[in-house]
Asker: 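Would you mind keeping the following structure in view while I ask a few things?
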Amino acid sequence: MTKREQKIRDMRKTVRAMQHRQGMDDSTYRYILDAMFGVESTTQLSLKQLEGLRRHLVEMGTGKMPGARKEWIDIPKSDPHASQKRKILAMCKDLGWSFAYLNTRIKTQFGVEHIVFLHDQSALQILGKDMVSRLRQRGQDPYPY
């Protein structure tokens, strides 16, 4: 699969997730596809058309682009590593990293899409220790809380 094909596939998934997040039924979704592009399925759309559809769904829904920078990531209380993940997020802020950067690093280093889905204790320890050492190199206290 080429990078372009992967982008198209990912964009289809994003659009479909937005449809479900907004509670839109299939008939309404297909009506929008037909009205905007004269097609019945996203498989008939180009990458540029899929991006246009995504923008349209954003305007209909929250008004925010998916993947837009967030101020904070919610870690569920039921997560067994919740306190460790929250500490990592706090250190991320202290280092001036964006959450998008943190999640990219987690995906590259550990093969997991998002910190919420990282359940490997040793991976969390590696990440936390690296961030502590980076804060110490900057002369910041990694445990101010």
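What you see is a predicted model; the values in this text were computed from it and never measured.
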Asker: Out of the candidates Leu53, Val15, Ile8, only one should pair with Leu45 under the side-chain contact (heavy atoms from CB on, under 4.5 Å) rule; please name it.
Answerer: Leu53

Asker: I'd like to know if the side chain of Asn103 reaches the main chain of Phe99, judged simply by a donor and an acceptor atom lying under 3.5 Å from each other, with no hydrogens or angles considered.
Answerer: yes

Asker: Check whether any side-chain heavy atom of Thr104 sits under 4.5 Å from a side-chain heavy atom of Trp97, and report yes or no.
Answerer: no

Asker: Considering only heavy atoms from C-beta outward, does the side chain of Asp141 approach that of Tyr143 to under 4.5 Å?
Answerer: yes

Asker: Quick one, Leu95 and Arg138 - any side-chain contact, counting heavy atoms below 4.5 Å?
Answerer: yes

Asker: Surrounding OH of Tyr31 (heavy atoms of other residues, nucleotides or ligands, distance under 6.0 Å), is the total greater than 12?
Answerer: no

Asker: Does the distance from a Lys or Arg side-chain N to an Asp or Glu carboxylate O, for Arg30 and Asp34, drop under 4.0 Å?
Answerer: no

Asker: Does the side chain of Thr14 reach to within under 4.5 Å of the side chain of Leu50, using non-hydrogen atoms?
Answerer: no

Asker: Asp120 versus His81: any side-chain heavy-atom pair under 4.5 Å?
Answerer: no

Asker: Rounded to the nearest 0.5 Å, what separation is found between the CZ atom of Phe110 and the CG atom of Leu124?
Answerer: 7.5 Å

Asker: Are there over 12 heavy-atom neighbours, none belonging to Glu113, within less than 6.0 Å of that residue's CD?
Answerer: no

Asker: Do Gln49 and Val39 have side chains that get closer than 4.5 Å, going by heavy atoms?
Answerer: no

Asker: Roughly how far, to the nearest 0.5 Å, is the NZ atom of Lys85 from the CG atom of Asp74?
Answerer: 12.5 Å

Asker: Any side-chain donor paired with an acceptor under 3.5 Å for Gln19 and Arg16?
Answerer: yes

Asker: If I take atom CD1 from residue Ile88 and atom CD1 from residue Ile75, how far apart are they, to the nearest 0.5 angstrom?
Answerer: 9.0 Å

Asker: So, taking the atom named NZ in Lys7 and the one named CD in Glu51, what distance separates them when rounded to the nearest 0.5 Å?
Answerer: 8.0 Å

Asker: Taking side chain as C-beta onward, heavy atoms only, is Met131 less than 4.5 Å from Cys92?
Answerer: yes

Asker: Counting N and O atoms only, with roles assigned by atom type, does the side chain of Arg54 sit under 3.5 Å from a partner on the main chain of Met11, one being a donor and the other an acceptor?
Answerer: no

Asker: For Gln6, does the CD atom sit with more than 12 other heavy atoms under 6.0 Å from it, leaving out its own atoms?
Answerer: yes

Asker: Side chain to side chain donor-acceptor pair (under 3.5 Å), that's the test. Do Gln84 and Gln121 meet it? Break it down for me.
Answerer: CA-CA 9 Å; Gln84 197 172 11; Gln121 178 68 33; 3.0 Å; yes

Asker: With a 3.5 Å distance limit and no angle check, can you tell me whether Ser41 reaches the backbone of Gln44 through a side-chain donor-acceptor pair?
Answerer: no

Asker: On a heavy-atom basis, which atom in Lys87 and which in Pro142 lie closest, and how many Å separate them?
Answerer: NZ-O, 2.5 Å

Asker: Which value, rounded to the nearest 0.5 Å, describes the distance between Arg12 atom CZ and Leu47 atom CG?
Answerer: 9.5 Å

Asker: Could you tell me the separation between the CE atom of Met18 and the CZ atom of Arg55, rounded to the nearest 0.5 Å?
Answerer: 11.0 Å

